Trainee: 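Okay, here's the structure, questions in a sec.
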Amino acid sequence: MDDRKSIASLDNNRKESFDNSEDVRKLEVNRKFSIVGVVARITPRKDRNDRTFWDLTIMDEKGQIDGKIWANATWWDLTAPQEKKVLDPEKPGFISGLQGQSLGIQGQVAEFRGQSQLNFNALYYLDQSKYPPHGFVQRSPVPIEELEREFWNMVDGCGKDIRVFLRQMFSGQLWEAFRLAPAAVTHHHAYVHGLLEHTLGVTRCARSIADTYAGSGMNVEVDLVVAGSLIHDIGKIEAYSLSPAPEMTLPGIVMDHIALGYAAFSRIAENFGLDNSLKLSLGHILLSHHGCREFGSPVLPATPEALIVAAADELDFKLFCYEDSVSVLDEGKSVSEYNHSTGRRFWKRNSVEGTEA
Ligand SMILES: [Fe+2]
Ligand SMILES: [Fe+2]
């Protein structure tokens, strides 16, 4: 892409002449790119010579990309393009004020220790009314109507006691917040409606595992598994906010979504007058759903229902990371870059001969 042409088109609000984050993630080393997006995170760091550089995560409708802004990068003010004003990133409050703002970026793919790395070389502060930040927020690839329909089908498939409680729980403001919330800030389903998409993935998987074991004679309560899956991450409503990219809230940082979720669930169950044994069983699933203490669960899953929900939650997260990692593999490559959230590289293996449809 011609850099001058693409940046000139910023004045005319022509987003289509830019790359999107999905294109950029697929670029090979040395390739240049131009992108417009919203600042999801920007963190100052120091290099070996004690010069400040920044880690920047930029988001658009297609996802997020991480890159480095080195000390020699140039910052332009495009709110008055004819003035050609250069901005000083060291000015107090400038960098922290960029959070949630729209930026134009020109950069290049570099290589660092065998991994590709994005360098953001020129940054353009944009007229925020021309490029409203909420226009760059990533959403679930599944239409919201489909997600909502499936959610209520799951609820209505439960027996009366659980169904009535779930209908009461997922109503009013809680439902409005739940259907919008992201499931994470990075790692997985970190976009609008991501929590609903992840919740359904976990519930679908957990229900089929529960059906399998119940069908082979084990004493597993399928409705309890469904209800536990639907509420397991309810605390993420309070732990994350969209401003407009997903961010951790203060309660999210200092209390985490499991504690916040259990507090919300207890409050609602109390007001509803939920049967004590159901309250205990669902509370146990919610508290133990991360499967072990190192990952934030205060108790380990101790019932078949809790074991199933914890297993489905982990699987949904890891499979998301697999899809996300292999979707950006270069032509001819079969092993992904290192995935930090799951601590591995993923392998997109070729179909074994004779097993293809
Ligand atoms: Fe969780
Ligand atoms: Fe989860």
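None of these values were measured; they are calculated from a predicted model. Numbering of ligands and ligand atoms starts at 1, following listing order.
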Trainee: Decide, yes or no, whether a salt bridge links K91 with D88 under the criterion of side-chain N to carboxylate O below 4.0 Å.
Mentor: no
Trainee: What I want to find out is whether R149 reaches E145 closely enough, with some N-O distance under 4.0 Å, to be called a salt bridge.
Mentor: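 So R149 does not pair with E145 through a salt bridge.
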Trainee: How large, to 10°, is the angle at the Fe ion (ligand 1) when you draw lines to NE2 on H257 and to NE2 on H290?
Mentor: 100°
Trainee: Which single N/O/S atom of H198 lies at minimum distance from the Fe ion (ligand 2)?
Mentor: NE2
Trainee: So what does the H232 NE2 - the Fe ion (ligand 2) - D313 OD1 angle come to, to 10°?
Mentor: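 It comes to 90°.
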Trainee: Considering the options H289, H257, H188, which one meets the ring pair (Phe, Tyr, Trp, His ring centres under 6.0 Å) requirement together with H198?
Mentor: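 Only one option passes, and that is H188.
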Trainee: Please name the atom of D233, limited to N, O or S, that comes nearest to the Fe ion (ligand 2).
Mentor: OD2
Trainee: Before we go on, tell me: are the rings of F170 and F151 under 6.0 Å apart, centre to centre?
Mentor: yes
